[in-house]
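A, B, ... follow the sequence lines: proteins, then strands. Residue 1 opens every chain.
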Amino acid sequence: MRNLTEAIVLENNAVAKNIYRMTLKCPEISRSAQPGQFVNIYFSDRIRIFPRPFSVAGATDEILTLIYRVVGAQTHQMAAWKDGQTVRILGPLGNQFSVESSVVSHVLVGGGVGVAPLMFLAEKFLQNGIDPLFFLGVKNRDEMPDAKLFGRLQTFYPSSDDGTTGFHGTAVDNFLSRLPQMGKPIVVYACGPEKMNAALARLAEEYRFVCQISFERVMACGLGLCQGCTVKKNSTDAEAGYLLVCKDGPVFRSEEVIFDD
Amino acid sequence: MRNLTEAIVLENNAVAKNIYRMTLKCPEISRSAQPGQFVNIYFSDRIRIFPRPFSVAGATDEILTLIYRVVGAQTHQMAAWKDGQTVRILGPLGNQFSVESSVVSHVLVGGGVGVAPLMFLAEKFLQNGIDPLFFLGVKNRDEMPDAKLFGRLQTFYPSSDDGTTGFHGTAVDNFLSRLPQMGKPIVVYACGPEKMNAALARLAEEYRFVCQISFERVMACGLGLCQGCTVKKNSTDAEAGYLLVCKDGPVFRSEEVIFDD
Amino acid sequence: MIDLSTQIGPKLHLKNPILTASGTFGYGDELADLIDLSRFGGIVTKSLTLHPRAGNPSPRVTETTAGMINSIGLANIGVDAFIEQKSESLRSFPGKVIANIAGRTEDEYAETLKKLESQEWIAGYEMNVSCPNVREGGIEFGAKPEILDRIVERFRGLTDRFLMIKLSPNVTDIRILAEVCQKRGADAVSMINTVYGAAIDIKTRKPLINTVIGGLSGPAIKPIAVANIIKTRRAVDIPIVGVGGITCGADVVEFLLAGASAVELGTVNFFNLNAAAEILEFLEEYGVAQGIGSIAELVGKAKV
Amino acid sequence: MIDLSTQIGPKLHLKNPILTASGTFGYGDELADLIDLSRFGGIVTKSLTLHPRAGNPSPRVTETTAGMINSIGLANIGVDAFIEQKSESLRSFPGKVIANIAGRTEDEYAETLKKLESQEWIAGYEMNVSCPNVREGGIEFGAKPEILDRIVERFRGLTDRFLMIKLSPNVTDIRILAEVCQKRGADAVSMINTVYGAAIDIKTRKPLINTVIGGLSGPAIKPIAVANIIKTRRAVDIPIVGVGGITCGADVVEFLLAGASAVELGTVNFFNLNAAAEILEFLEEYGVAQGIGSIAELVGKAKV
Ligand SMILES: Cc1cc2nc3c(=O)[nH]c(=O)nc-3n(C[C@H](O)[C@H](O)[C@H](O)COP(=O)(O)OP(=O)(O)OC[C@H]3O[C@@H](n4cnc5c(N)ncnc54)[C@H](O)[C@@H]3O)c2cc1C
Ligand SMILES: Cc1cc2nc3c(=O)[nH]c(=O)nc-3n(C[C@H](O)[C@H](O)[C@H](O)COP(=O)(O)OP(=O)(O)OC[C@H]3O[C@@H](n4cnc5c(N)ncnc54)[C@H](O)[C@@H]3O)c2cc1C
Ligand SMILES: Cc1cc2nc3c(=O)[nH]c(=O)nc-3n(C[C@H](O)[C@H](O)[C@H](O)COP(=O)(O)O)c2cc1C
Ligand SMILES: Cc1cc2nc3c(=O)[nH]c(=O)nc-3n(C[C@H](O)[C@H](O)[C@H](O)COP(=O)(O)O)c2cc1C
Ligand code: FES
Ligand code: FES
């Protein structure tokens, strides 16, 4: 059940360079939010009119957690929000990661701030007594979120493009290096840059594992109203349509979609 | 010499209902500002793009005083400014009241927030040992600025449309009622609603006194760039042009202009 | 208590002047769980075409200063699926449903309209002859008087229901086109569709819209809509439905004064789900403050 | 250190691509005490007419969302007073001076141009055939291809100097008009003039602009300008000077990529006197960041 409501900022702190973690008192949304879903944040200014979508990075009965990177005007504003600030917010929106039983290895692969939805998913796994394998890749040490966040994970595999922290290489390289030892069947849950997602999709085909990817698109509404947030459907028929990231997604199985659009 | 500079808010307090008095540390402007001149305040938001013009209500070597009424978005913003706030400001702009010697009665007639430029003018008179007659009209008691502001005036004649404070009637009525006793020649310096200005202009003709009026127009630039802030020139020639409030004014002699435009 | 009802020509009565703008509210059922749809006097559907359309590749939307550019390309489920999937929910909508129709060819428009005639719950049609974002069947139908003349005559021959033609601002003189609509018996014209707009990413140098040039909408274009309505109001007698940049009640009053008999809310739906409720509240207050008994008293009453 | 100079056809070389937009910078001498005018590659004057013009009654300007509407009505001191009063200061301006010319009739344009030919310090002309705010001599010269064809041919016959025609976005297809300008030997086209716009005060019900409909400008119209430039760039070979909603360096780059060889700053002059300085700074940084040696490399390089 999605709700449009006013949430109250509880904490809002940097957990890495330009990356913040915000907790909000927002029971109307946090109660029903599932990993993979996102929320719309609305801003009062009329210069930039789109709401901004953010994955749910954690949810309890009362509290919603977001993890966001400061990339432009609105996230810049958000970074300045103090506790007590009220925030116009709508959610939970979109579909969710579907956790399949009879799976041996649950593999989370995140790039940069793609960590957000995976944190929530990992949390759920832990609650259900499952230890997921968590691969997180960042550019460099500065962008690696505070280790505390991953404390409860048995198997956390950090990596950095420049080798300044963890494995030297991408999260995908890191995952690939350990793939042989993993118990099958494997399901990969991914969120990161389009490049990373595409690479994983190719591997999923090659190594025959299920890959669920959380997508991003610029969104005007987040509600299926504008038809703006499309990914191309993977289909033989030429007139194949598009999927809406906000409504059909944001999570798609790698074989459902075509990347080069 | 006009300057574009960053001023710093010192005080910013309500002196009547929806009317505020702001002092700014702004020597670049305050040093040269004269009664009748105005400043442009620039706002960073891009939704409302015009700078906002405000009459100089007082100026010392270091400090600039403004008196403003909250009427819309930008003045609403201003009312929330705290001391220490920096303000982008340009001035002094426009012409000034010209104080003629060999005048017996210097009469200031203000309506509402038209008090602003007249406060500054009154101050100058007092500095030069002249006691002006100050008529100020407001709607009702709530809108009458704090008496302290007029403490140093020998002859202050307040009035209100509803009679809740001072003379019951307009500033013009009040002035008219005392006109007979005034020593001639008289010069009236006025700032108020267009209606009040027009009424004074008619009286000036009837009773043959000089009347200098500070005008208001919506201004896009305040600098003579846009040609937007016109008042019709009073002239026999049909193709008579317009005067620019920001550049030729804001102060005009009543006979220079036509009101019904 | 102001009377909010409005009459758009003899054939369409609305309980209030607030409609949804085509393409910004899905098929009318998207938000049923979030907002009270009965706030709207009517719903205008996404443009429907004879066959389903996938629409344009991404990116389809981009933000601009106080507005946005879109190039959806009339993506829609097609008229058959619309009737099959949406008639039940829309039949129960307590306001009027206007079907917006687009097409690649005149025949496509006609065929689509004919199919919709079978649905008694459809109060009327808004013909989109002004879409800037499709190669065929877009604005060229709406930009050339002679073509518009022919197709409006044809549409009129196909239905006795409320028939409204949606016009584009991307023309030299919108009045000529409105006059054609009136001459050929259209019940109303709606304006404006989006304004040609484009934006380029200065880092990648790529256009921010797949079709390079798309349609500009949102608060930024409101003055353009108001100008077109004022002009058209002087030229024709048929009612005008106003659309373009409306975000609040004051905007709606401005459109009514300019000459609109009703308005459509578009882009605002993306950033303020409560717009309709806030607008109705404002109209009530405004009516009291101005001592107006009915919003009909406002239509075209600007002192222009 | 990026080379900021730009060549607008064979006849006009600018040390940088930043010009002032007509009517938003007076006659070029208004701000001499406040800003360093030499920042500008060139100054375009307020539209000059054969005889002085008083212009339209008030209100002449009103604010709109991220923009403004104006209806000045070509108020200007007239070409004779311009030459008499402004030649001294403008002669010493270290950039190019472009005289913008408007008129009620074709002859008025021609007479005005002839008078200006006597002034060797004038580098060229921008012909305003697209003013939305005057009864005669406004946009109708610029909206009808056949009329435009005739007058551009006539202007071309009167001067060997740089001749630029300023086009309006308020037309169905700006390309046709640009093609006419090219065919008749214009050195460049500039676009866009203001977009038709209107606003109404909902309390007084009066239009907020004396002529009811005026010209919309400012950030709100930037996407409209970019779209027109992209379209025109594909249709003609003569250079385009871009104008419309520019506020910052990123906007200038966007216009260059879209196909403009230079740009004009208009409304921004009203709210940011340092715009030109900030833009030049940005262009330097952008050049370094993108490894570009000259801004000429950017012109028309959008991947459209
Ligand atoms: C389903 C979904 C989930 C997301 N989850 C997260 C998250 O958990 N943490 C996080 O940091 N970011 C997330 N994003 C991206 C986030 O929405 C954008 O970074 C944010 O909107 C940027 O806003 P801005 O004004 O700061 O930057 P802008 O100046 O608006 O844009 C900066 C960049 O962000 C992208 N962007 C801008 N607006 C949007 C939009 N409405 N939707 C998508 N991308 C946009 C643009 O492509 C641009 O390149 C998510 C996006 C989607 C679609
Ligand atoms: C030379 C001059 C001196 C002024 N001095 C003072 C003063 O000392 N104290 C004071 O309170 N006000 C003064 N004003 C008026 C003041 O500029 C406006 O009240 C202010 O700009 C309103 O801005 P806003 O955003 O709060 O209201 P808005 O919502 O912008 O407008 C509210 C009302 O203010 C008027 N207004 C808006 N913008 C302008 C503008 N740029 N210029 C003129 N009027 C405008 C409009 O007519 C409108 O009806 C002066 C105006 C001028 C031209
Ligand atoms: C994302 C989007 C999709 C649209 N799709 C359609 C459409 O399918 N048919 C149509 O007639 N108009 C369509 N429009 C135009 C709107 O109905 C409306 O005319 C325009 O957006 C101006 O109104 P606004 O500024 O309130 O959005 C669309 C607009 C947007 C923003
Ligand atoms: C107040 C004002 C006056 C203008 N006067 C003229 C003019 O005299 N001649 C002309 O060709 N354009 C005139 N213009 C149009 C501008 O030159 C420019 O084309 C338009 O404003 C779009 O650019 P902008 O959005 O940067 O302002 C005027 C614009 C404004 C805002
Ligand atoms: S963002 Fe509007 S449909 Fe997905
Ligand atoms: S406000 Fe622009 S000329 Fe006066």
If only side-chain N and O atoms count, and only distance matters, is there a donor-acceptor pair under 3.5 Å linking [Y] with [X]?
X	Y	result
D/Thr49	D/Asn76	yes
B/Asn12	B/Tyr68	yes
B/Asp45	B/Gln74	yes
B/Asp162	B/Thr164	yes
D/Asn56	D/Thr211	no

Checklist line | Qualifying residues under ring-ring contact (aromatic ring centres under 6.0 Å, His included), relative to D/Phe40, sequence neighbours excluded | finding: D/Phe25
Engaged part of [X] at the chain B interface, taking heavy atoms whose separation is under 4.5 Å:
X	result
D/Asn274	side chain
D/Thr24	backbone
D/Thr267	side chain
D/Ile35	neither

Part of [X] within contact of chain D (heavy atom distance under 4.5 Å):
X	answer
B/Lys247	side chain
B/Asn3	backbone
B/Phe50	both

Next item on the list: May I ask you to check if D/Arg60 and B/Tyr242 form a cation-pi contact, with NZ or CZ under 6.0 angstrom from the six-membered ring centre and within 45° of the axis?
Entry: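 Relative to the ring axis of B/Tyr242, which defines the angle, D/Arg60 lies inside both limits.
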Margin query: Set out, in order, the CA-CA distance, both residues' side-chain angles and the distance that settles ring-ring contact (aromatic ring centres under 6.0 Å, His included) for B/Phe215 and B/Phe38, then state yes or no.
Written below: CA-CA 11 Å; B/Phe215 279 73; B/Phe38 68 98; over 10 Å; no
Checklist line | Minimal non-hydrogen separation, B/Ala171 against B/Leu136, with atom names | finding: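 For B/Ala171 versus B/Leu136, the nearest heavy atoms are CB-C, 4.1 Å.
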Next item on the list: Under 4.5 Å, heavy atom to heavy atom: which of residues 76-98 of chain B reach chain D? Give them by number, or say none.
Entry: B/Arg88, B/Leu90
